[in-house]
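Note that the coordinates shown come from a computational prediction; the quantities given were computed from them, not determined experimentally.
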Amino acid sequence: MHADRERGAALLTVLMLVAVIAVMAGTGLEKLRLSTRLAGNAAATEQARAYAVAAEAMAAVKIGGLLSASRQRVTLAGGWSGRPFGLPLPGGGIATARVSDGGNCFNLNGLVTQVAPGVYASYPTQRVQFVRLMQLTGIPPQVAEQVAAGASDWIDSDSDQQGNGAEDGAYTGQQVGYRTSGTLMADPSELRAIAGMTPDIYAQIRPWVCTLPIPRPSTINVNTLLPEQAPLLAMMAPDTLSVDGARQLLLRRPPQGWGNPAQLWQGVAQPADAISQTSSSTSWFALAIDVDIPGAQLEERALIDATTLPVRLVARQWGEDT
């Protein structure tokens with residue numbers, strides 16, 4: 001009887017050991033499988049980024065060629081704006097790039113001027129213009145005033161709160177406190193942190209704004225501005241030009257574009273701001289790249305500075321545009 005019990009206990013012990021070893025082996029195999037998958041994903045992502053950089057180089061060459069051939073007049077001729085060009089990749093993947101005018105927008109960093117290296121002061125003229133742009137796109141006046149003042153306070157270097165604005169005191173007392181940046185915005189998504197901002201308001205504003213890395217208003221190219229972007233033209237002429245009126249001006253643009261932006265305003269009063277804020281050429285280009293390869297998909301949004309040749313990439317963002 002004792003021998004049978006001992007044999008039963010030994011068998012039970014062996015079975016338990018086998019079960020434990022099986023569980024450990026299964027766990028080890030699962031971790032190995034996960035590690036292999038993570039390593040493969042990381043390698044595929046790095047490969048996709050390398051292809052995106054190659055697409056950047058191709059886009060820079062195309063932009064350089066466009067500027068060299070344009071002789072200081074950039075138009076939509078040739079259908080280059082927004083037209084995808086592909087980069088076939090090994091293994092069946094593809095990288096697609098699209099170039100568009102990156103300066104036809106309201107530069108949020110133009111809400112300030114630089115008074116000393118790294119020191120910025122509010123620029124009231126641009127604040128008024130930003131308010132008008134928001135009103136033209138359907139945002140209520142009071143909300144537009146608060147957003148414009150808050151954005152200006154967010155960037156400027158002082159701690160003096162503007163009317164309807166918000167400095168550090170408006171943010172540090174929140175449950176998760178933070179402070180204003182006191183420097184140029186790196187991305188339009190920083191508007192999400194401004195006092196009074198909501199997801200709906202941001203969604204309305206986002207298509208019209210950008211963050212060029214300069215504390216100056218963006219220069220609108222009257223030869224590449226689309227009729228649906230007419231509010232960017234109407235914002236320069238307070239109370240004298242409607243969105244529909246601006247759209248009509250753009251629709252009469254000759255196929256070869258205007259050599260002088262002043263030609264756009266024929267028949268209407270040219271706003272004072274138009275002299276410095278309109279051009280017949282383009283200094284900034286926006287670049288959108290999509291890479292699709294086995295094991296990875298990648299989106300990139302970039303900004304190219306074309307103020308000098310050769311052009312250079314000055315900003316890059318991975319992931320969806322926010």
Side-chain angles (χ1 to χ4, degrees), residues 100 102-112 120-213 215 217-218 220 226 228-236 238-239 242-244 246-247 286 288 299-301 303 315 317-322:
S100 59
N104 288 346
C105 51
F106 181 89
N107 181 23
L108 293 170
N109 291 325
L111 288 167
V112 297
Y120 304 100
S122 177
Y123 186 14
T125 301
Q126 279 299 288
R127 174 180 162 182
V128 171
Q129 197 172 99
F130 189 26
V131 170
R132 177 163 172 78
L133 173 63
M134 286 187 280
Q135 289 179 311
L136 291 172
T137 56
I139 295 176
Q142 186 174 356
V143 175
E145 290 281 357
Q146 183 179 9
V147 169
S152 182
D153 277 337
W154 183 266
I155 302 171
D156 67 26
S157 302
D158 62 47
S159 57
D160 299 328
Q161 182 172 307
Q162 303 180 47
N164 295 316
E167 284 287 355
D168 289 345
Y171 304 108
T172 54
Q174 299 182 21
Q175 185 174 3
V176 179
Y178 54 94
R179 301 179 63 184
T180 59
S181 69
T183 190
L184 301 183
M185 288 188 180
D187 188 82
S189 62
E190 287 188 47
L191 276 177
R192 295 175 182 269
I194 302 298
M197 181 60 65
T198 67
D200 289 340
I201 296 172
Y202 180 75
Q204 281 185 266
I205 295 175
R206 182 62 187 91
W208 306 101
V209 299
C210 58
T211 48
L212 303 180
S218 55
I220 305 298
L226 302 176
E228 53 266 34
Q229 295 176 300
L232 292 168
L233 199 62
M235 73 178 182
M236 299 180 197
D239 305 320
S242 66
V243 172
D244 186 61
R247 186 179 298 112
E299 294 182 14
E300 178 189 333
R301 301 297 176 263
L303 180 67
Q317 174 183 307
W318 305 110
E320 295 182 2
D321 187 14
T322 56

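Put simply, the side chain of Met197 reaches to within 4.5 Å of the side chain of Ile205, judged on heavy atoms. Side chains of Asp158 and Glu167 form a contact here, defined as non-hydrogen atoms less than 4.5 Å apart.
Distance CG/Leu108 to CD1/Ile194: 9.0 Å, rounded to 0.5 Å. Atom-to-atom distance recorded for Thr125:OG1 and Arg127:CZ is 11.5 Å, nearest 0.5 angstrom. Here the CD-OG distance, from Gln162 to Ser122, works out to 3.5 Å after rounding to the nearest 0.5 Å. Note that CG of Leu111 and CG of Asp156 are 9.5 Å apart. Values are rounded to the nearest 0.5 Å.
With 3.5 Å as the limit, one finds a donor-acceptor pair spanning the side chains of Ser189 and Asp187. A donor-acceptor contact closer than 3.5 angstrom is absent between the side chains of Thr211 and Asn109.
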- [ ] Apply the test side chain to side chain contact (heavy atoms under 4.5 Å, CB included) to residues Ile220 and Met236: give CA-CA distance (whole Å), side-chain angles for both, the deciding distance (0.1 Å), then the verdict.
- [x] CA-CA 10 Å; Ile220 305 298; Met236 299 180 197; 3.4 Å; yes

TODO: Give the C-alpha distance, both sets of side-chain angles, the deciding distance and a yes or no for side chain to side chain contact (heavy atoms under 4.5 Å, CB included) between Met235 and Met134.
DONE: CA-CA 9 Å; Met235 73 178 182; Met134 286 187 280; over 6 Å; no

Open item on the list: What verdict does the side chain to side chain contact (heavy atoms under 4.5 Å, CB included) test give for Arg132 and Val128, after you've listed the backbone C-alpha separation in whole Å, the side-chain angles of each residue and the deciding distance to 0.1 Å?
Closed with: CA-CA 6 Å; Arg132 177 163 172 78; Val128 171; 5.8 Å; no

- [ ] Give the C-alpha distance, both sets of side-chain angles, the deciding distance and a yes or no for side chain to side chain contact (heavy atoms under 4.5 Å, CB included) between Leu184 and Glu190.
- [x] CA-CA 10 Å; Leu184 301 183; Glu190 287 188 47; over 6 Å; no

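Surrounding CD of Gln142 are at most 12 heavy atoms belonging to other residues, nucleotides or ligands under 6.0 Å away.
Between Phe130 and Phe106, the angle of the ring planes stays under 30°, which puts this pair in the parallel group of the 30/60° scheme.
In this structure, Pro141 and Gln135 approach most closely via the heavy-atom pair CB-NE2, 3.0 Å. Of all heavy-atom pairs spanning Asp153 and Asp160, the tightest one is OD1-O, 3.5 Å. Summarising the geometry of Ser218 relative to Leu212, their closest heavy-atom pair is CB-CD1, 3.7 Å, with the distance given to 0.1 Å. The two residues Trp154 and Ser181 come nearest to each other via the heavy atoms O-OG, 3.1 Å. For Cys210 against Pro188, the heavy-atom pair with the smallest separation is CA-CG, 4.0 Å. For Pro207 against Ala203, the heavy-atom pair with the smallest separation is CD-O, 3.3 Å.
Although no hydrogens or angles enter the test, the distance criterion places a donor-acceptor pair under 3.5 Å between the side chain of Tyr171 and the main chain of Ala195. Under a 3.5 Å cut-off, the side chain of Ser157 and the backbone N or O of Tyr120 do form a donor-acceptor pair. In this structure, Tyr178 contributes its side chain and Ala193 its backbone to a donor-acceptor pair below 3.5 Å.
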